[in-house]
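For reference, the structure discussed in these notes is given below.
Note: hydrogens, waters and symmetry copies are ignored here, and every other heavy atom, side chains too, is used.
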Amino acid sequence: MLEALKLQYKQLGSEIERLEAQPTGVWRPEENEVYWHIDSGVSIVGRDFTASTDDRIREIHHNVYKTEELAKKANVLQRRSNLVIQACLNFDPDFEPDWSDHNQVKYQFYYSYFCDRWRGHNVNTSDWGAACVSTKEKSDLVLEYLNSQEIT
């Protein structure tokens, strides 16, 4: 009986530590709770959280949503961010931004709804975008690519 109580106490302590470590406002599915995610085919899928390897990977990569509506919104945002990341890495694969170097200019990207196209800007000290490239020439290539993809 005492051993069983000690085991329960240890498990409860671990669960309390896990819950306290979560940032306030970030939803994480509990065991057997339904969550929604975006699969590799960009479909929205609902399933029960079982703490399987696949479930944990989705949770680690922040691909778990409380409702189907949130997953649909996330699908658009993920596609947009992934497009920028892919383009930056393809056009400037070896660039390592040094955020402590105020003289190292970096080029980042955002979608302007006012202009109805992707735009770029150079930054020195702030990482505002999903990824960046090292030169104006590469920035122009990235922008040409982004604007050809019809993802807003």
Side-chain angles (χ1 to χ4, degrees), residues 10-102 104-135 138-152:
K10 182 178 178 182
Q11 289 172 338
L12 181 59
S14 296
E15 181 63 10
I16 289 170
E17 286 177 16
R18 184 187 74 78
L19 291 171
E20 287 176 343
Q22 285 190 128
T24 303
V26 175
W27 178 82
R28 303 260 192 239
E30 297 293 330
E31 189 80 20
N32 298 318
E33 186 174 13
V34 172
Y35 76 95
W36 296 84
H37 73 277
I38 303 157
D39 76 3
S40 59
V42 285
S43 305
I44 308 301
V45 178
R47 56 177 284 133
D48 290 338
F49 189 81
T50 62
S52 67
T53 301
D54 288 342
D55 287 345
R56 290 289 180 209
I57 289 170
R58 289 183 194 109
E59 184 180 19
I60 288 167
H61 285 272
H62 309 286
N63 188 14
V64 292
Y65 302 95
K66 195 169 191 167
T67 66
E68 183 177 13
E69 292 75 25
L70 289 175
K72 287 178 180 178
K73 285 182 177 182
N75 189 20
V76 173
L77 297 170
Q78 283 182 9
R79 288 180 64 219
R80 185 182 302 151
S81 291
N82 288 344
L83 174 66
V84 172
I85 293 166
Q86 178 192 44
C88 288
L89 291 175
N90 283 337
F91 286 105
D92 204 356
D94 298 322
F95 182 55
E96 293 288 336
D98 180 357
W99 295 106
S100 66
D101 181 356
H102 299 292
Q104 183 196 49
V105 177
K106 302 129 186 99
Y107 294 84
Q108 295 183 325
F109 310 92
Y110 64 96
Y111 189 81
S112 169
Y113 288 95
F114 180 74
C115 298
D116 197 28
R117 65 185 171 98
W118 286 92
R119 309 231 19 214
H121 59 100
N122 61 323
V123 296
N124 298 78
T125 59
S126 298
D127 185 6
W128 293 349
C132 52
V133 294
S134 60
T135 67
K138 290 179 182 177
S139 172
D140 291 342
L141 293 171
V142 169
L143 285 170
E144 182 181 342
Y145 176 73
L146 293 176
N147 284 309
S148 74
Q149 296 305 300
E150 298 180 12
I151 295 178
T152 60

Tell me if a side-chain donor or acceptor on Ser148 pairs with a main-chain N or O of Tyr145 at a distance below 3.5 Å. yes

Heavy-atom pair of closest approach, residues Trp36 and Thr67: CD1-C, 3.3 Å

Shortest non-hydrogen contact from Val64 toward Pro29: CG2-CD, 3.9 Å

Is it true that a side-chain atom of Lys106 and a backbone atom of Ser134 form a donor plus acceptor pair closer than 3.5 Å? no

Gap separating the SG atom of Cys88 from the CZ atom of Phe109, nearest 0.5 angstrom: 4.5 Å

Rounded to the nearest 0.5 Å, what's the gap from OG1 on Thr50 to CD on Glu31? Could you check? 6.5 Å

Taking the side chain as every heavy atom from C-beta outward, state whether Glu30 and Phe49 have any atom pair closer than 4.5 Å. no

Could you grab the distance from atom NE2 of His121 to atom OH of Tyr110, nearest 0.5 Å is fine? 6.5 Å

With a 3.5 Å distance limit and no angle check, can you tell me whether Asn147 reaches the backbone of Trp118 through a side-chain donor-acceptor pair? yes

For Thr135, the side-chain hydrogen bond (donor to acceptor under 3.5 Å, both in side chains) test, sequence neighbours excluded, returns none

What distance do Asn90 atom CG and Ile85 atom CD1 have between them, rounded to the nearest 0.5 Å? 11.5 Å

Between Gln78 and His62, what is the shortest heavy-atom contact and its length? NE2-O, 4.3 Å

Nearest heavy-atom neighbours spanning Cys132 and Gln108: CB-CG, 3.5 Å

Verdict with reasoning, Glu69 to Lys72, per salt bridge (Lys or Arg N to Asp or Glu O under 4.0 Å): CA-CA 5 Å; Glu69 292 75 25; Lys72 287 178 180 178; 5.9 Å; no

Does atom CD (Glu33) have a neighbourhood of more than 12 heavy atoms from anything else shown, all under 6.0 Å? yes

Between Ala87 and Leu146, the two heavy atoms sitting closest are CB-CD2, 4.1 Å

Which atom of Val105 lies closest to which atom of Phe95, heavy atoms considered: O-CZ, 4.5 Å

Distance (rounded to the nearest 0.5 Å) between Arg119 CZ and Tyr111 OH: 11.5 Å

Polar contact flag, side-chain donor to acceptor under 3.5 angstrom, Tyr35-Asp48: no

Please round to the nearest 0.5 Å and tell me the distance separating atom CZ of Arg47 and atom CG of Asp55. 4.5 Å

